[in-house]
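Order of listing sets the numbers, starting from 1, for every ligand and every atom in it.
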Amino acid sequence: MRWGRGGVAAVVVAVAVVGGGCTGDDGGRFRAGAGDVGDPYVPGAGNGGYDVDHYALTVRYDPAGKRLTGQATVTATATAGLSRFHLDLAGLTVDRVRVDGASAKHRRDGDELVVSPAHGLPAGRRFTVEVAYGGVPRPLPSGELGDGGFHATGDGAIALGQPESASTWFPANDHPSDKATYDIEVTVPDGLAALSNGVPKGQSSQDGWTTWRWSEGSPMASYLTTLVIGNYRVSTGTHAGKPLVTAVAAGLPADGPAATALARTGEVADFLAERFGPYPFDAYGGIAVADERIRYALETQTRPVYGPGFFADGRPNTEVVAHELAHQWFGDSVSLARWSDIWLNEGFATYAEWLWREHDGGRSVAQSFAERYMVTDWTKPSVDPGRAAMFGDAVYQRGALAVHALRRAVGDETFFRILRGWLAERRDGTATTADFVAYAERVAGRPLRPLFDAWLVGPERPAR
Ligand code: ARG
Ligand code: ZN
């Protein structure tokens, strides 16, 4: 199948780099791990030669001086014999690196931290890297997509961003193809909240500082991490037997549209679970920020972040909640192996908005489909749309049209069986467009490539 514009050969090469992950050195058992996974949408992001299992992050942030100090313990498995390896770290100063408890040589190369352990790491070896670091974090400039990463705010900070953000506040293998579990401890001045992903593990105070602890036990892509510090109204409860933590910036009205929409988080998640299968994580939540620089919402794992623009018209916008919660299944639980397949996240999340809208008394799915069908620019592909168009209509809206075209072709029963089966089979993993098409064909028992080709990448309007 042609998934658009000659990207196939490049994709094959990229996969080979991830697998091999090494560039020659040493001549023997140990080689230098690559400083890039070869994803053309994010040059320099990710690294080769190892796979991270767990990040244990301990950070302290002082809003007065905008300084962060951190200690990261990264547990990884070598996938090749390594003489040295890279972590992504943008800005910040590294004070010390240890590998398996022993001092390691390190240097910076732009936004890379290059670590040379005292001894080579054989393929298959599990190892830990401890990095002590600090400085004034800065976001990564990403042009028209908005800056990703750590933003200092008046009362604290907001770290989030897609396709990259993690490397602005901790050393990471910063690509969704390497998911890992996380323990995150954040220390902030007493009185401020420090929110992050996963299950809340309590707070403790000492000498004017409070430490907030969070734990995400399901594999998480690094761009799905978030850190939100400041004056927030935090509500901690449970939903369906799991912790539910929502937070609304103190600058937003206590019973305003953001608070009202976030209060429906559990209800929306349950609605989606009926269609997609069980909610995939151990905690629920959401964070509404007031900072105008956050011009989007993001599906940060278990706890999406919503920019103020979604509630600016005074309406409790639950469509965006449905979108971000749908990503918990599509994008977070089943993640992208490479960014050119981003329609797999956004097409399904947009489709979930259509489903929720119909359920919540708005336009029917059939109407959403018919309206979109009329205004779509079929010359723009959903698959491999190009970096500059990764958040464009071809990804979100044309992607959703393709999802509904599948539903029309195979019928409701098979369609939801495909979705649920796919999510169960790929849970906690990563996948590509070809994987999804192959899975849908397997369940439907009929060829579907022509359908996906027409709806996702063909240059002409498919017959409906
Ligand atoms: N994945 C997010 C969503 O659709 C969108 C993030 C947009 N990012 C950006 N830099 N504009 O919910
Ligand atoms: Zn989305």
Shortest heavy-atom approach to atom 8 (N) of ligand 1 - which of Tyr223, Tyr306, Phe391 | Phe391
Determine the interplanar angle of the Phe348 and Phe330 rings, folded into 0 to 90°, and report it as parallel if under 30°, tilted if 30 to 60°, perpendicular if over 60°.
->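 Phe348 and Phe330: parallel rings.
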Ligand 1 atoms in contact with [X] (distance to a heavy atom under 4.0 Å):
X      : answer
Glu299 : 1 (N), 2 (C), 3 (C), 12 (O)
Tyr396 : 1 (N), 2 (C), 3 (C), 4 (O), 5 (C)
Gln162 : 1 (N), 2 (C), 5 (C), 6 (C), 10 (N)
Glu346 : 1 (N), 2 (C), 3 (C), 4 (O)
Ala297 : 2 (C), 3 (C), 5 (C), 6 (C), 12 (O)
His323 : 3 (C), 4 (O), 12 (O)

Would you call Asp412 and Arg407 a salt bridge, taking side-chain N to carboxylate O under 4.0 Å as the test?
->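 Looking at Asp412 and Arg407, the cut-off is met.
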May I ask you to check whether Leu298 has an N/O atom sitting below 3.5 Å from an N/O atom of ligand 1?
->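 No: no nitrogen or oxygen of Leu298 is under 3.5 Å from one in ligand 1.
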So does Arg138 have more than 12 non-hydrogen atoms from other groups sitting under 6.0 Å from CZ?
-> no
So do the side chains of Asp332 and Phe281 get within less than 4.5 Å of each other, counting heavy atoms only?
->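 Contact flag for Asp332/Phe281 side chains = yes.
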Taking the side chain as C-beta and beyond, is there a heavy-atom pair between Trp343 and Thr350 under 4.5 Å?
->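 Not in contact.
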Apex the Zn ion (ligand 2); atoms His327 NE2 and Glu346 OE1; angle rounded to 10 degrees | 100°
Heavy-atom contacts under 4.0 Å between Arg295 and ligand 1: side chain, backbone, both, or neither?
-> neither
side-chain contact (heavy atoms from CB on, under 4.5 Å) test vs Asn345 passes for just one of Val334, Val395, Leu336, namely Leu336
Residue among Asp39, Asp36, Asn47, Thr430 satisfying side-chain hydrogen bond (donor to acceptor under 3.5 Å, both in side chains) with His175 =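 Option passing the side-chain hydrogen bond (donor to acceptor under 3.5 Å, both in side chains) with His175: Asp39.
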